[in-house]
Each structure stands twice: as structure tokens, then as C-alpha cells.
Amino acid sequence: MFSNYDIIVVGAGHAGCEAAASAANLGSKVLLITMNMQTIAQMSCNPAMGGIAKGQIVREIDALGGYSGIVTDESLIQFRMLNRSKGPAMWSPRAQNDRMLFSAKWRELLERTSNLDFYQDMVKELIISEGKVAGVKTGLGHLIYSRAVVLTNGTFLNGLVHIGEKSFGGGRIAEKAATGITEQLVSLGFESDRLKTGTPPRVDGRSLDYNKMEEQPGDDQIVGFSFLETRKPDRQLSCWITYTDKRVHDILRTGFDRSPMFSGKIEGIGPRYCPSIEDKINRFAERDRHQLFVEPEGWNTVEVYINGFSTSLPEEVQYEALRNIKGFEKAKMFRPGYAIEYDYFPPTQLRYSLETKLIDNLFFAGQINGTTGYEEAACQGLMAGINAHQRINNLDPLILKRSEAYIGVLIDDLISKGTDEPYRMFTSRAEFRTLLRQDNADLRLTELSYRLGLASQERMEKVRSKKEGVEKIKNILNSFSVSPDDINSYFENKSSSLITERQKASKLLLRPEIELNDLMNVLPGLEKELNVFSSDIIEQASIQIKYDVYIEKEKELVERMSQLENLMIPETFDYKKILSLGNEAREKLSKIKPSTLGQASRISGINPSDVQILMVYMGR
């Protein structure tokens, strides 16, 4: 019934979809196995993509030739660029999406992808031969053979759903858990543990009073995520903001004695930066209110998502508390919030390619590695799909450095430091965030992917055109001369110091209060020279000129730090023989087996003197 495949991808969430697409687009024959063909790329939690640091990841996925950015653009109902009041390193695109349309668009793109087959079944076991994965065994008893396997099981591995005192097996509510894989991997020597996540109740938008809430409209201009031309809506839906209060908190507390979180029923650790409402009340007892975002789920549905109200309290407590929130007095609940516990495998057991150290050609991506969030999962899936293809074709893996991409930061954090709580990305995790902006992801990554064979010719031509356009604009600004008469009245209005002699436009742009669009509005000659360029090219040139000093300083720092990154450590290096290292250092280095001195320096518990000792032993 089944032919042999190059790569089998297990699970069709965000990680699985990107893994299957990237491997197939590189030329591998791929089988995507999912327990339910109707839930491909389902937005299990909030109907949104992007946000702080997550938006940068989606743009990086897009620049590399992944699909998440395209799907997001073509299913969005609202777009906002967050942190516009800060510097460009902090700008982060975020979209609200039509939940059903998002999933449908993903499936449509996958079905149009050559080399990609689908099968609906549960994978309960891996076929292992001589230390290498050779395929999977399904719940229906099929043996399907392949040269590599990518596991992207999400929250389904021994998933357990909790609502108050009720608990039952499931990977999502009303969907069964996946069993067998954890037990097999543990028997093979893998270490596993439990994590927890949660979701809020969904309500009927017709039962809400939006007049009592604060409206949050989208941006006037939809920038979007993809660097390609994508279809975007000509109108947007608003989100709304309301708040809990002391009365709501008191009602929620009445259910704490039946909360699985406080009773000890939940063993897994939940996400630190997206806690449940009961956790917020418990941890921040001094706060009288918490902000809630009321988010529509799509164009053609009345279902609404209550962002900030994740909970696993008993249903009746959830319902009573909801109806005491301003605007929710007559709220009708579609389904309650719940918590879910699931198995994950600490990611220090992986190589940088996301291949496991114990079993060759077996890759992990997404929540199985301890991350939380669609974007974090999707980028791991993309990299696992690429590297599975590279591995079976005896090609070098694609490894992104911390200085090249947020994706590189995420994977390095997971593999060097591990995680014992759901990991999510923040801009603060990236030490080179001035270089890793959302606006230049294409300039950073597309050529790399194009050489690999994933990014299309169309993408590469757009990047070349953008680079050329940016250089032309910079040359124009470096040569365009501005006299005091041209600009001083404008500077006076902006409370900016006046000039006494002619200056180049590029120098004027260095003033923090002056933007390139301002200069174009004031200087008709400049506007005439620049209006032939698109807005994204003008913005890119402006950022490069304005922040040139900071960008160059960061590049110098990258150069200095790359000396450690380039010092490779053989995988067979025996740390136990270096008696001058402390016991903790020897133990952690032996377990993680860092591939470079740079990675070794970032392992928790490894100090600078340990790195110096390693350098001496390596003849450096």
C-alpha cells in the first residue's frame, strides 16, 4: 500500500507543516502523517501570528522560503506593527487571523506542493535499525519506511486535559492523545519530562457589549509578513480591551480548591510568560485588575477568543467570573478553558540540525523540544525539514548563528541551555537584535536559502532589487545638499537645532526626531528623486543610515565573538580526562557535547575559566 519515502513527518501542526513543505520543496519525497486531516495547521490557542520577537521569526521563515508568512497574510483580519514608538530593532509585526481560513490556506499550499503525500493515522512506534531511524509503525498496523523521520507531536504525546476536577486523555479538547512514542524513546535512552499549557474559554460575540470596552483597531497600512506580494484584505476587524477586577478575582478564588494547578494534579510546568488567570491572581496578589484582549476568530464567525483569561478552573467558576467582567454581563460560553499536560524531550539531546544525538536521521521540532507558540514551532519545523533533506543526501546542515537570525538564537538556547519550562522567544534573548530586525530578514537569509535550493528565483530577484534600491537611495542622500533656507523653518517647528550651512540629507537624517519621509515632504527635490522607490526600500535605506553607528558596533561585536564560534570541538572529545575542570563542568560538557567553544561558553554552569582550560587543551 505504501511506497518508501525519503522523509516522514509526524504531526501536521505548525512545525509539521513547515517541515513537510521545506523537505518536499527541496526535492525529497515526503509523507505527512496526521491523526486528523481536518485539523492541519490548526490554531489551537489564540487566532494570531507574530508579536514581539515572534513577528521577526515569521519574517525569517518567509525569507527562507517557508509558508507561514504567506498563509498569515492571506488569512489576516487585522494587522499591527508593535513597538513603532521604539527603535526598529524592536518593531514586531502581529496579525489577528481567521482561524478556519488560516488552516484552509495552509492545507491548500501543502496540497499544491510536489513530492508531498498525506495519510491520516496515529504513529505509535518508530522503526529503528542499527542506531538509525528507518520508518514508522502506525496505529492501524502499517509499517511505512523512510530514510529520515521528523517528530512534531505538539501537545499530543500522552496529552492529559484538565478542567477543574475533571481530567481525560487528549492532545486538544475532543481529540485523542498519541501514545507509544514516549515509552519507546525512553526505552532507547532518551530523557523525557512533562510540561503544561492552557487556553481560555471561547464566547459568543453576539452576547458581548462592546460599548463598555476599549476598541483596538488595526494599522492604517497593512505591511504584512511575506516579502512576496500577497493578497491582503481591504478592511480589518477590531479587537477590544477590557479588564478583570477585584470582584472577578474573588469569584475565581472560590474555585482554587478545585483547581488542578493548585491541588497537585498537574505536574508539568506551565509557560512563565503566558500564565493562567488563576496563576496571575496568585502570583500578583497586589494587582486589582488584569488586561484582557477580546479577539474575533474570523470573518464569518461570532466566536471570540479571550486573550489573557487562560484557565483550568471548574466550568461554573469560569462562567460566573466571565459574566462579572465589564462588557461580558450577558456572555454565552461556547466552550470552557482548559489546561493540557504533555510529554517533551529536553532539547539538549539534539544536535544543532535538530537531529537527535542518540538515533541518526531522527529529528524533533516544536513543542516536543519544550517550546511554546506557533512561531517557535514553525521555525523549528522549517529547519528540521531542511536538515532532514540535507542529512539523507550527505549535504552539510543549515545551521543559523545567533548573529544571523532569531531562529539561530532559539535553537542555540534550546541545545546549549535546555529548558525546564515552555520556551518562548523575546527580543531580549537576542544579543544582536539591532542586526536581527524584522525589516531585513530577507537581506539576511534569502540568499542562504536560495543557494540551498529552497528560496525561489522570485524571492532572490526581489532581494537583489531591494539591495540595489537601498544603495541608490543612500547615494542620493549622501549627495543631496540641503540649505538652511530649505529646512530651518521645518526644524524650528520640530524643536530641532537650526543649520547655518549646507548639509547633506544623510547627515540630517541622523537626528532622532527626523524621519526620511519628513525630509521628502519638506524637500520637493528629494521627494522627486526618491518617489520611484517602494516604501519598504525607502524605509530600509533610512534605517541603515540612521542606525549605521549601532549596526557597525554590533557587527564588530559579532566579529570578536565569532572567534570562539569558529573553534570546533570534536564530538569524541573526552571532558572527563580534564581534571582541572570542575565536576559540574565535566558533567554538563559530557552530556551536551558542544560543537564549538562558543556553544560551550553558553552552557549554564560553564564559566570563563572553564572555557580558557578547554582552549589550552585544544592547543589554542
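All values reported here derive from a predicted model rather than from experimental measurement.
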Item to check | K401 and D412 ion-paired at < 4.0 Å | outcome: no

Checklist entry - Are there more than 12 heavy atoms of other residues, nucleotides or ligands under 6.0 Å from atom NZ of K332? => result no

Checklist entry - Any Lys/Arg nitrogen of E552 or K555 sitting under 4.0 Å from an Asp/Glu carboxylate oxygen of the other? => result yes

Next on the checklist: Between R272 and E421, does the salt bridge (Lys or Arg N to Asp or Glu O under 4.0 Å) criterion hold? Intermediate values first, please.
Outcome noted: CA-CA 7 Å; R272 178 189 300 263; E421 62 182 47; 2.8 Å; yes

Next on the checklist: Check E108 with R112, please: is the shortest side-chain N to carboxylate O separation under 4.0 Å?
Outcome noted: yes

Checklist entry - Is a side-chain donor or acceptor of T446 paired with a backbone partner of L443 at a separation under 3.5 angstrom? => result no

Next on the checklist: Less than 4.5 Å apart, side chain to side chain, heavy atoms only: is that true for Q236 and Q96?
Outcome noted: no

Checklist entry - Is it true that the side chains of Q544 and Q540 contain a donor and an acceptor less than 3.5 Å apart? => result yes

Item to check | Over-ring placement of R437 relative to Y547, 6.0 Å and 45° cut-offs | outcome: no

Checklist entry - Does atom CG of N531 have more than 12 heavy-atom neighbours from other groups under 6.0 Å away? => result yes

Checklist entry - Just by modelled atom types, is the I473 backbone N or O under 3.5 Å from a matching donor or acceptor in the E529 side chain? => result no

Checklist entry - How about Q78 and L237: do any of their side-chain heavy atoms sit closer than 4.5 Å? => result no

Checklist entry - Hey, is CD on E111 packed in by over 12 heavy atoms from elsewhere, all under 6.0 Å? => result yes

Checklist entry - If we only count heavy atoms from C-beta on, is the T39 to R172 side-chain gap below 4.5 Å? => result yes

Checklist entry - Within a radius of less than 6.0 Å around NZ of K494, do more than 12 heavy atoms belonging to other residues, nucleotides or ligands occur? => result yes

Item to check | Modelled atom types, side-chain donor and acceptor of D536 and S534, under 3.5 Å | outcome: yes

Checklist outcome for this item: What one should report as the nearest heavy-atom pair of G51 and L82 is CA-CD1, 3.9 Å

Checklist entry - Any donor and acceptor pair, going by atom type alone, linking the side chain of T371 with main-chain N or O of G366 inside 3.5 Å? => result yes

Checklist entry - Does T427 offer a backbone N or O that forms a donor-acceptor pair with the side chain of Q56 under 3.5 Å? => result no

Item to check | Presence of salt bridge, R59 and D439, under 4.0 angstrom | outcome: no

Checklist entry - Hey, is CZ on R206 packed in by over 12 heavy atoms from elsewhere, all under 6.0 Å? => result no

Next on the checklist: With a 4.5 Å cut-off on side-chain heavy atoms, are L435 and I551 touching?
Outcome noted: yes

Checklist entry - Is it true that a side-chain atom of Q438 and a backbone atom of W91 form a donor plus acceptor pair closer than 3.5 Å? => result no

Item to check | Side-chain touch V294/Q216, heavy atoms, less than 4.5 angstrom | outcome: no

Next on the checklist: Quick one, F364 with L354, criterion side chain to side chain contact (heavy atoms under 4.5 Å, CB included). Give me CA distance, side-chain angles, the key distance, then yes/no.
Outcome noted: CA-CA 6 Å; F364 290 175; L354 300 182; 5.9 Å; no

Checklist entry - Where is the tightest heavy-atom contact between I340 and G171, given as atom of each residue plus distance? => result CD1-O, 2.9 Å

Checklist outcome for this item: To the nearest 0.5 Å, atom CG of N282 lies from atom CD1 of I277 at 11.5 Å

Checklist entry - Would you say S92's side chain and M90's backbone share a donor-acceptor pair under 3.5 angstrom? => result yes

Next on the checklist: Ignoring hydrogens, what is the shortest heavy-atom contact between V150 and A19? Give both atom names and the distance.
Outcome noted: CG1-CB, 4.2 Å

Checklist entry - Looking only at atom types and distance, does a side-chain atom of T419 sit under 3.5 Å from a main-chain N or O of L414, one as donor and one as acceptor? => result no

Item to check | Exam field: side chain D98 to backbone W299, donor-acceptor pair closer than 3.5 Å | outcome: yes

Checklist entry - Crowded around K326 NZ? As in, over 12 foreign heavy atoms under 6.0 Å? => result no

Checklist entry - Taking C-beta and beyond as the side chain, do F225 and P93 meet within less than 4.5 Å on heavy atoms? => result yes

Checklist entry - Can you check whether F102 and H14 have ring centres sitting under 6.0 Å from each other? => result yes

Next on the checklist: Under 4.0 Å between a side-chain nitrogen and a carboxylate oxygen: does that hold for K462 and D442?
Outcome noted: no

Next on the checklist: Can a side-chain donor-acceptor contact be found between Y67 and N25 if the only test is distance below 3.5 angstrom?
Outcome noted: yes

Checklist entry - Under the side-chain hydrogen bond (donor to acceptor under 3.5 Å, both in side chains) criterion, do Q318 and T311 qualify, and how do the steps go? => result CA-CA 8 Å; Q318 295 185 33; T311 181; 4.5 Å; no

Item to check | Reference residue E447; test salt bridge (Lys or Arg N to Asp or Glu O under 4.0 Å); the match among K467, R464, R459 | outcome: K467

Next on the checklist: Does this structure show an ion pair linking R84 with E539, if we count only N-O contacts that are shorter than 4.0 Å?
Outcome noted: yes

Checklist entry - Between N324 and R247, which heavy-atom pair has the shortest distance, and what is it? => result OD1-NE, 3.3 Å

Checklist entry - Of the non-hydrogen atoms in L436 and E404, which two are nearest, and what is the gap between them? => result CD2-C, 3.4 Å

Checklist entry - Looking only at atom types and distance, does a side-chain atom of R323 sit under 3.5 Å from a main-chain N or O of E329, one as donor and one as acceptor? => result yes

Checklist entry - Below 4.5 Å, heavy atoms only, C-beta onward: do R80 and C239 meet side chain to side chain? => result no

Next on the checklist: For I325 versus Y243, what's the shortest heavy-atom pair and its separation?
Outcome noted: CG2-O, 3.7 Å

Checklist entry - Is there a side chain to side chain contact (heavy atoms under 4.5 Å, CB included) between T72 and D62 once you walk through the steps? => result CA-CA 10 Å; T72 301; D62 184 76; over 6 Å; no

Next on the checklist: Tell me if a side-chain donor or acceptor on E60 pairs with a main-chain N or O of A405 at a distance below 3.5 Å.
Outcome noted: no

Next on the checklist: Is it true that, when you exclude R511 itself, more than 12 heavy atoms of the residues, nucleotides or ligands shown sit nearer than 6.0 Å to its CZ?
Outcome noted: yes

Item to check | Any T197 side-chain heavy atom under 4.5 Å of P422 side chain | outcome: no

Item to check | Pairs involving residues 364-386, ordered by first then second residue, that meet salt bridge (charged side-chain N to carboxylate O under 4.0 Å, His left out) (sequence neighbours left out) | outcome: K54-E375, K54-E376

Checklist outcome for this item: The side chain to side chain contact (heavy atoms under 4.5 Å, CB included) partners of E74 (sequence neighbours excluded) come to I70, K105, T230, R231

Next on the checklist: Could you measure the distance from the CG atom of L398 to the CG atom of L445? Nearest 0.5 Å is fine.
Outcome noted: 8.5 Å

Next on the checklist: How about CZ on F426, more than 12 heavy atoms from neighbouring residues, nucleotides or ligands closer than 6.0 Å, or not?
Outcome noted: yes

Checklist outcome for this item: When rounded to the nearest 0.5 Å, the distance separating CG of D204 from CE of M333 is 12.5 Å

Next on the checklist: side chain to side chain contact (heavy atoms under 4.5 Å, CB included) for Y374 and N46? Distances and angles first, verdict last.
Outcome noted: CA-CA 10 Å; Y374 308 143; N46 61 323; 4.0 Å; yes

Next on the checklist: Would R107 and M37 count as a side chain to side chain contact (heavy atoms under 4.5 Å, CB included) here? Give the steps.
Outcome noted: CA-CA 9 Å; R107 180 162 174 171; M37 288 285 291; 3.7 Å; yes

Could you pull out all donor-acceptor pairs under 3.5 Å where a side-chain atom in residues 516-524 meets a protein atom, sequence neighbours excluded?
{"residue": "D518", "atom": "OD2", "partner": "Y490", "partner atom": "OH", "Å": "3.4"}
{"residue": "D518", "atom": "OD2", "partner": "E515", "partner atom": "N", "Å": "3.1"}
{"residue": "N521", "atom": "ND2", "partner": "N517", "partner atom": "O", "Å": "3.2"}

Checklist entry - Rounded to the nearest 0.5 Å, how far does CG of L400 lie from CG of L410? => result 11.0 Å

